[in-house]
Amino acid sequence: MIEQTRRAAETGVDAQRSAMETWFGSFESVKSAQKSGVTLSKSAIEAYLDGLKSVFPEESVAELEAAVDEQFEAVDEIHEDAWQSFLDGLDEAEATYDELTEMQLELLADGFDAVEQVQAEAEETTEEAVASAEELTESA
């Protein structure tokens, strides 16, 4: 029974670790989706500015295009730097989580080892008590 409980506890910790690894790994796809959203926005604005060229003088639209391009370049740079910082922090958090999980597994193992030892000692004490009781019964 103790061994089954030990395995169940270890399996629970392993499942939790797998879920966290999946969660940590999911952020790369979030970064990609966010980058795609920025690219889509830039394309939409460029299409809008192309449409403005038919209504306004081309040089005034060109100035606006240059300003938009400059802003999107800044967004791209900030986006990459921010994500890199976030992912670096995430790597550190994952390493810390792994250390804590290992510690948790060690503590579980130590706890179950202690329970098994107490159980073994209790069995031994019980067997000794039964043997003593049998000797007393036989001598009486």
Side-chain angles (χ1 to χ4, degrees):
M1 173 104 160
I2 292 173
E3 191 57 34
Q4 289 172 330
T5 305
R6 176 194 293 244
R7 282 194 305 268
E10 289 171 349
T11 300
V13 171
D14 287 339
Q16 184 181 19
R17 181 187 299 187
S18 293
M20 290 303 289
E21 286 173 359
T22 300
W23 182 75
F24 283 127
S26 71
F27 286 102
E28 204 54 57
S29 61
V30 171
K31 175 186 174 189
S32 177
Q34 189 178 41
K35 180 71 174 163
S36 295
V38 170
T39 301
L40 181 63
S41 295
K42 182 178 180 184
S43 297
I45 290 172
E46 287 172 345
Y48 175 74
L49 292 175
D50 284 345
L52 288 180
K53 287 179 184 176
S54 65
V55 179
F56 295 103
E58 192 168 321
E59 52 280 343
S60 63
V61 176
E63 289 177 23
L64 188 54
E65 283 178 321
V68 167
D69 286 343
E70 186 179 309
Q71 293 303 309
F72 272 104
E73 286 174 16
V75 166
D76 286 343
E77 186 177 315
I78 291 168
H79 180 264
E80 191 58 40
D81 290 346
W83 269 103
Q84 191 57 52
S85 293
F86 176 74
L87 292 174
D88 289 347
L90 203 58
D91 287 344
E92 290 175 27
E94 186 174 10
T96 300
Y97 180 80
D98 285 344
E99 289 174 21
L100 291 173
T101 301
E102 284 303 315
M103 188 182 305
Q104 183 180 16
L105 285 170
E106 288 174 19
L107 291 172
L108 275 171
D110 290 348
F112 280 109
D113 289 346
V115 168
E116 287 174 341
Q117 183 178 353
V118 167
Q119 182 181 9
E121 289 172 3
E123 286 176 12
E124 186 179 321
T125 302
T126 302
E127 288 172 3
E128 289 172 2
V130 168
S132 293
E134 287 175 353
E135 286 177 15
L136 284 173
T137 306
E138 290 174 7
S139 65

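Computed from a predicted model, the values in this text were never measured in an experiment.
When all heavy atoms are compared, the tightest approach of Ala9 to Phe112 is CB-CE1, 4.1 Å. Residues Val61 and Leu49 share a closest heavy-atom pair of CG1-O, 3.4 Å.
The stretch residues 91-105 participates, sequence neighbours left out, in these side chain to side chain donor-acceptor pair (under 3.5 Å) pairs: Arg17-Glu102. Counting only residues at least two apart or in different chains, ring-ring contact (aromatic ring centres under 6.0 Å, His included) contacts with residues 38-76 are absent.
Listed by chain and number, the residues in a side chain to side chain donor-acceptor pair (under 3.5 Å) with Asp88 are Gln84 (sequence neighbours excluded). Taking the side chain to side chain contact (heavy atoms under 4.5 Å, CB included) definition, one finds that Phe86 meets it with Phe27, Trp83, Leu90, sequence neighbours left out. Considering only residues two or more places apart in sequence or on other chains, Glu116 meets the side chain to side chain contact (heavy atoms under 4.5 Å, CB included) condition with Ile2, Glu3, Arg6, Asp113.
Taking a 6.0 Å sphere around CD of Glu77, one finds it holds 12 or fewer heavy atoms contributed by other residues, nucleotides or ligands.
Note: the hydrophobic cluster containing Trp23 does not contain Val13 (ILVMFWY, side chain heavy atoms under 4.5 Å, direct or indirect links). A continuous path of hydrophobic side-chain contacts links Ile45 to Leu52 [ILVMFWY only; heavy atoms under 4.5 Å]. Tracing side-chain contacts under 4.5 Å through hydrophobic residues (I, L, V, M, F, W, Y), one reaches Val68 starting from Val55; they form part of the same cluster.
In this structure, the side chains of His79 and Lys31 come closer than 4.5 Å at one or more pairs of heavy atoms.
Within the model, atoms CD of Glu65 and OG of Ser60 stand 10.0 Å from one another, a figure rounded to the nearest 0.5 Å. Atom OG1 of Thr11 sits about 11.5 Å away from atom CD of Gln4, to the nearest 0.5 Å. Taking CD of Glu21 as the reference point, atom CG of Asp14 lies at 9.5 Å (rounded to 0.5 Å). Note that CG of Asp76 and CG of Asp69 are 10.5 Å apart. Values are rounded to the nearest 0.5 Å. Atom CD of Gln34 is separated from atom OG of Ser29 by 11.5 Å, given to the nearest 0.5 angstrom. Between atom NZ of residue Lys53 and atom CG of residue Leu64 there is a gap of 10.5 Å, rounded to the nearest 0.5 Å.
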Compile the donor-acceptor pairs under 3.5 Å between side chains in residues 124-133 and protein atoms, sequence neighbours left out, one pair per line.
unit_1	atom_1	unit_2	atom_2	d
Thr125	OG1	Glu121	O	2.9
Thr126	OG1	Ala122	O	2.7
Ser132	OG	Glu128	O	3.1

